[in-house]
Each structure stands twice: as structure tokens, then as C-alpha cells.
Amino acid sequence: MANFLDFERPVAELESKIRELRHLSSENNLNIADEVGRLEKEAARLLRQIYGRLSPWQKVQVARHPERPHALDYIRAFVTDFVPLAGDRAFAEDAAIVGGIGRFRGTSVVLIGTEKGSDTEERLKHNFGMARPEGYRKAQRLMRLADRFGLPVITLVDTAGAYPGVDAEARGQAEAIARAIETCLDLRVPLVAAIIGEGGSGGAIALAAANTVLMLEHAIYSVISPEGCASILWRTGEAAREAAEALNLTAEDLRRLGVIDRIVEEPLGGAHRHPDEACRKLGEALEAALLSFRGQDGESLRRRRRDKYLAIGRRGF
Amino acid sequence: MNWLTNFVLPKIRAVVAKKEVRDNLWQKCPGCEQMLYYRELETNLHVCRNCGHHLRIGALERLKILFDEGAFERSALPEVLADPLRFRDRRRYLDRLREAQANFGASDAIAVASGRIGGVPAVVAAFEFGFLGGSMGLAVGEAMLAAADLAVKNECALIVVPASGGARMQEGVLSLMQMPRTILAADRVKEKGLPYIVVLTDPTTGGVSASLAMVGDLILAEPGAQIGFAGARVIEETIREKLPDGFQRAEYLYEHGMVDLVVPRHELAAVLGRLLGHLHKGRPQAAAPAS
């Protein structure tokens, strides 16, 4: 793997050893299948051990892993006949939020996702997944479109947060986010959100006030980044690790708090190791979520979504 | 022990204690740095006579200014789970919370009251910026819902006056969830055909600006108030250049079409009264046209 995280180092070392052995064996015709097999087993055991007990701060690193599948990767994997749709009809197109209509498991749906991009060029194009007001207004427009045609909405959330820039503020970032949340809450079609990487604050909830909120096993969802929280409450960004612990931002935490509904298991070693498997698992979970709304009329979908948010935090945890 | 120690001394002490000077007799205006006398500040609604700067005021002061004759009935805030995450940074959140509660004699960063404005019944929810930066957690969210219910019950407008840095970090993602919840509160009022009016004051930022503050039927702002989503410092660090003059101020938002009107504090009650007069349920109706 080109990129590995600090705590993955023991695995990365084993894997490079395996690669060396393979290289040697092909050059010298040595039979080292047993040794390779042993090392591979050991690597898998290490991975299971490491990923079985990731700390919150380690999850933050996994959630931000550059090779983790992003919104468009998932859309390409489980959506057919996809037609991308652009623009807020008021100011601009914002590629930080991608959207369109496609077919998912035989049903036409509207898809909306924050897209981080997977190489430098793409990252710049998508502004690293940090949307401006026109992105949130485009999302509102696409949600209204879905509502009008009775199409379920799937949102894929992966953003450090809304873009903090002068232009974004000038065009009403706060209003755009507030209205996006309001639109989520108003829909009379099923709305399923999946937190696939980073669920960064207002920029995330803008697309995630949903009937069902799924969250990938190693994704994070928080009111503020651990670094931001640390610099405000601890007065030093170096306390990010402590802040990550304190914020309760892992999928387990969020399910306990009643903020998400279901955790979607990731492949061994995280979604970045086996993107295809990650896409398959998320696809299955989304399908199950959409099936659970079968037979519910628009009014009750809307009411249940609203009741769900009213209930959050009212019972104990 | 004699009458001197038992009777006279306490009296003398009482007199001396009364004369104990307030430590904030004079305050420097954050706008023009002029020293301002507290009594004069109070009579001028905490607006600097020299430069017109609107100083931040507490929730109770705000309620007194807005309601007719300063008369209102305060509602108790709904009880919520304190410190749901058992959060601790350099200090325990629970200690910070208890301290703020003791300082303000209030359970959280918002005050809800009902009364009349311009003779028209209204409910006001005013944020207390001094209380942990006016930050929004479970308690503020629940109070907003209660304020909305009260407005619906009284068939009157809900006026919200934010003064907040945003979400309460110490309640983690549960504070983020107050964004949809307070939007639902606003909807409760709107769905009944009642006005939901927001008066943006200094500061209104972060999660509070991107939820309850920006969905008003009408949005007013006090002069000079800082209003925005991202903090100025964060923006500066991102774009690495100086921010334009007046950036994120009430007037800037007005120019960018984000607020209806910038209203000086002295005129706020009158303007709200006029608006309520136009929008409230019992407004005068023109005689029905003859059929």
C-alpha cells in the first residue's frame, strides 16, 4: 500500500517482507510458499488485532485516509444509469457536493454526496469536500426534486466541514446549511444518510437529518474536529487525541447516543484496504434501509423523521 | 460582648459593605475605547454614547428592553440530562456548568419569557452569552422547543434573540443535533401561522447561526453584531489573508441580503411592536368587501 498510517506500521512491514519474498522466489525459483503463507496469516492477525481496538484518534486517521472510497466511488459501485445534476440555479455549481439521479437496486433514487476527490486534481476540483452555500442550495434543490417525483434520497457524507471562506460567508453559508437541514426534515420521501468518512459538523448534518442514518465502522461524526476542539478547550491543538476521546465521535458512541441507527461493518483493515468490499457492504445496508420504508406514506415518513430528532437526547443513554 | 460589638459594629459593617464599590463602575467601550460610566450605560441600553457601539447585554436586560414596561413572565426551562458525555477537558464540564449556573442563577444559556410588545402578546427566547458563550446544547434545544410550544399555546409570535458562539462542544454530537431540533421548534410556530422572528445580536455564529437563527420569517440584526458561520480566525487561517473591513458584521449581512433590517437597540422594541401589529392573529382586518 502506498499510504499506511502510523499504527499500521507493523502490518506494512510484514507486507513489504512478503513482497520481497515473492520477488526473491520468482528470481531464484525458491519455494517459500509456506513462509509467505505464515507471514500473511500473521499480517491478518495483526490487522484484526489493531482494527479490533482502534482508539478514537486512530479512527480519525482511518476516516480521513486518502485511499478510503469516497462518495463517487460508492455511486459508481452500486448505482447504474447515473445522471449527474449540477447547480443551485442562483449562483454557481459547487463540485464539493455531487448529486444526480440513478438506479439503485432497481429503483430510481436521488443521490447527494460530499466528495473529497481521490487525487490532487480531483481534490482541488471538489475543494476537498468542503462545500460553499451553493453546494448546500444544490442539495436542497435535488431533495425537492426527489420529493416532487417521489424518489427516495440517499446522501453520502464525507466532509471536514463547510468551507470557511470569505465568499462562502458573503453568500450566506449559515442560511444555506440551515435551509438544507430544514429541507431534509420536510421531505415526504425516504431519506437515508450514510456517514462514510468524516461527518464534520454543520456541513454534515446539512445532508444527514434522515429517516435512517448509517455509519461506516471507522467513520467519525462530530460537532467539531478534534483539532479544533483541542485548540479551543485545551488551548493547544496537540491535545487532539484527548479531544477525540472526549467528543464521543466513533460509530459505537453515536449509536449509543441514538444519533445514528446502524453501523456498517468495514472490511478487515478498513474500507481503504478493500474498497470493493466496502462498497458492497454499504450497498447492502442502504438497500435494507430503503426496504424498511416500504408501505409508509409520505406524511408518516416525514413525521417519523421529525419525531426521531425530537426524541434524541430525551431518554438516558 | 456588649451592645457595641453586638449592635453597632454590624451596623457599621453593613454601611461600609453597602458602599463597597462595584468593580465595574467604568467600562471601556470596545468600539472607541472611551470610558463609560455604568449608570449612563444602563440608561442608554448599553449603547456607547460616543460611537454608538452596541455592547453585549445579558438575557434579563434583553427581556426588560423588549417587553412593554419591562414586564414579563419568565418560564422555567425544561430539565435535561446534564453532561451527557461526562466531558472533561482541562476542567470537568459539569464544574463549568455548575459555575455558570451559580453566576447567572439560571439553568442554562437561554431565558424564555412571555409578555407584550407594542401591546401584542409575544414569547421571547433570549440567549445569555456570558453563560458558556451562549452555547447551544440539550438544554437550549429543549428550551427552544418549550418556547415554541408556549407561543403556540398563547397564539402569539416567537421572537428569538441569539447571542452565541455556536454549539456546546462539551455535549459533542448531541449539541450538533440541536440544529435540526431548533429548526423543528421554529417550524412548530410557523405551521400554526404564527410569526417566528429572529433578532441577531453580537455574536451569532457557528451552529446557532446555521440553524434557528437563519430560518426566521423575518430576521433583524443589531448594528455591528458579528454574524456568520465560520469563525473569523478560522477563515483567516484558511485563506491566509486579512479579512475585509466590516466582514461578518450586521451591515455586511444586510448588504448581502441576509437580514431584513439592521435596527438600533433603542428602536428594537418599537420595530418589533410594529411588525407584530401587522402579523399577529388579532390584527385589524379591513371590512369585508360587499358581496
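Because the structure is a prediction, the values reported are computed rather than measured. The basis for the numbers below is simple: all heavy atoms, side chains too, and nothing from hydrogens, waters or symmetry mates.
- Between chain B and the residues Leu185(A), Leu310(A), Ile232(A), the largest count of heavy-atom pairs under 4.5 Å involves Leu310(A).
- Using a 4.5 Å cut-off between heavy atoms, Arg90(B) touches chain A through backbone and side chain atoms alike.
- Heavy atoms closer than 4.5 Å to chain B are found in the side chain of Ile224(A), but not in its backbone.
- If you measure heavy-atom distances from Glu182(A) to chain B, the contacts under 4.5 Å come from both the backbone and the side chain.
- For chain A, the nearby part of Glu142(B) is the side chain; its heavy atoms alone come within less than 4.5 Å.
- Inspection of non-hydrogen atoms places Leu254(A), Leu257(A), Val259(A) of residues 253-263 of chain A under 4.5 Å from chain B.
- Interface summary for chain B: among Ser231(A), Gly313(A), Ala170(A), the most heavy-atom pairs under 4.5 angstrom belong to Ala170(A).
- Among Arg179(A), Arg305(A), Arg144(A), Gln140(A), the one residue that satisfies the side chain to side chain donor-acceptor pair (under 3.5 Å) test with Asp186(A) is Arg144(A).
- Put simply, the residue from Glu134(A), Arg132(A), Glu93(A) that forms a side chain to side chain contact (heavy atoms under 4.5 Å, CB included) with Asp88(A) is Glu134(A).
- Checked by atom type and distance alone, the side chain of Asn127(A) never pairs as donor or acceptor with a backbone atom of Lys125(A) at under 3.5 Å.
- Both the backbone and the side chain of Val215(B) come within contact range of chain A, with heavy atoms under 4.5 Å apart.
- Neither the backbone nor the side chain of Leu212(B) has a heavy atom closer than 4.5 Å to any heavy atom of chain A.
- In this structure, the portion of Thr238(B) lying under 4.5 Å from any heavy atom of chain A is its side chain and not its backbone.
- Atoms CZ and CZ, from Arg96(B) and Phe87(B) in turn, are 8.5 Å apart once rounded to the nearest 0.5 Å.
- Judged by distance alone, the side chain of Asn211(A) and the main-chain N or O of Leu301(A) form a donor-acceptor pair under 3.5 Å.
- Heavy-atom pairs under 4.5 Å with chain B were tallied for Gln173(A), Arg235(A), Glu245(A), Arg171(A); the largest tally goes to Arg235(A).
- The shortest side-chain heavy-atom distance between Tyr136(A) and Thr183(A) does not fall under the 4.5 Å cut-off.
- Proximity to chain A is limited to the side chain of Met258(B), based on heavy atoms less than 4.5 angstrom apart.
- Interface remark: Ser201(A) contributes backbone and side-chain atoms alike to the contact with chain B (heavy atom separation under 4.5 Å).
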Are Glu155(B) and Lys192(B) close enough, and set up right, to give a side chain to side chain contact (heavy atoms under 4.5 Å, CB included), and what steps lead you there?
CA-CA 8 Å; Glu155(B) 292 197 303; Lys192(B) 299 287 177 190; over 6 Å; no
